[in-house]
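Below you'll find the structure, written out as structure tokens, and then a few comments.
Lettering of chains follows the sequences in order, A, B, ..., and the numbering in each one begins at 1.
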Amino acid sequence: MAIEVRIPTILRNYTDGAKAVDAEGATLDELIANLESRHPGIKDRLVDQGALRRFVNVYLNDEDVRFLGGLGTPVSDGDTVTVLPAVAGG
Amino acid sequence: MLTISQELADKIVSHARADHPDEACGVIAGREGVPERFIPMENAERSPTFYRFDSMEQFRVWREMDDRDEEPVVIYHSHTATEAYPSRTDVSYASEPNAHYVLVSTREEDEVEFRSYRILDGEISEEEVRFIP
């Protein structure tokens with residue numbers, strides 16, 4: 001089994017158009033590293049200087065990972081990780 | 001071109017007026033580019049110069065759209081002291097390539113500015129808006 005990662009429209013150019021892809025890891029950080037090995041370039045859109053980008057929301061199942069443990073959040077098989085760019089502006 | 005019912009456009013303007021002087025924001029969900037379902041969102045920033053969807057509300061709304069095979073056809077927000085034209089931050093955070101970005105200005109109490117844009121790869125293109133009954 002693996003962890004399903006749901007990809008927003010704007011990042012689907014890294015996943016050949018797929019809305020959801022599988023990845024593996026014990027923490028969100030490892031999961032993103034694994035995702036990067038399968039879909040090169042995607043990590044830079046999610047992480048900047050060792051932290052999640054401020055205007056990218058990442059959810060583990062139904063929770064925003066900012067309220068869990070950020071990149072250190074443990075993940076396990078069967079979880080769903082959802083990436084959504086924040087909707088924001090001035 | 002954005003084609004939108006007068007009723008939905010009026011709802012956007014009412015929301016913007018109600019939240020003035022803070023910026024108001026929200027989504028109109030729909031299918032195949034037709035805006036249908038009005039979803040006012042909370043501005044988590046509660047600011048006259050910035051807006052951001054609350055992350056948990058966004059998650060619920062995006063999942064609901066996914067379940068219903070809808071997309072965010074329109075993403076709207078208001079400017080409360082400046083014209084209805086995308087700011088630099090609007091452009092840098094624009095992240096829905098298929099959405100019509102609607103800007104409303106509430107700087108004049110008795111005048112409505114309602115304009116629509118595509119924002120793609122840092123480029124703004126204004127489009128015509130057609131209001132239908």
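With rounding to the nearest 0.5 Å, the separation of CZ in B:Phe59 from CG in A:Asp62 is 5.0 Å.
Counting all heavy atoms, side chain and backbone alike, B:Tyr93 lies closest to A:Ala88 at CB-O, 3.4 Å.
In summary, B:Asp66 and A:Lys19 engage in a salt bridge, as defined by a charged side-chain N under 4.0 Å from a carboxylate O.
Only the side chain of B:Glu23 has a heavy atom closer than 4.5 Å to any heavy atom of chain A. Using a 4.5 Å cut-off between heavy atoms, B:Ala44 makes no contact with chain A at all.
Of the listed residues (B:Glu71, B:Arg60, B:Arg63, B:Met41), the one with the most heavy-atom contacts under 4.5 Å to chain A is B:Arg63. Ranking B:His77, B:His79, B:Arg88, B:Gln58 against chain A, the residue ahead of the rest is B:Gln58, based on heavy-atom pairs under 4.5 Å. Heavy-atom pairs under 4.5 Å with chain B peak, among A:Leu11, A:Thr82, A:Ile10, at A:Ile10.
For the pair A:Tyr59 and B:Met56, the minimum side-chain heavy-atom distance is below 4.5 Å. Put simply, the side chain of A:Val87 does not reach to within 4.5 Å of the side chain of B:Cys25, judged on heavy atoms.
Counting only distance, with no hydrogens or angles, the side chain of B:Thr89 and the backbone of A:Gly90 share a donor-acceptor pair below 3.5 Å.
No donor-acceptor contact under 3.5 angstrom links the side chains of B:Ser55 and A:Asn57, judged on distance only.
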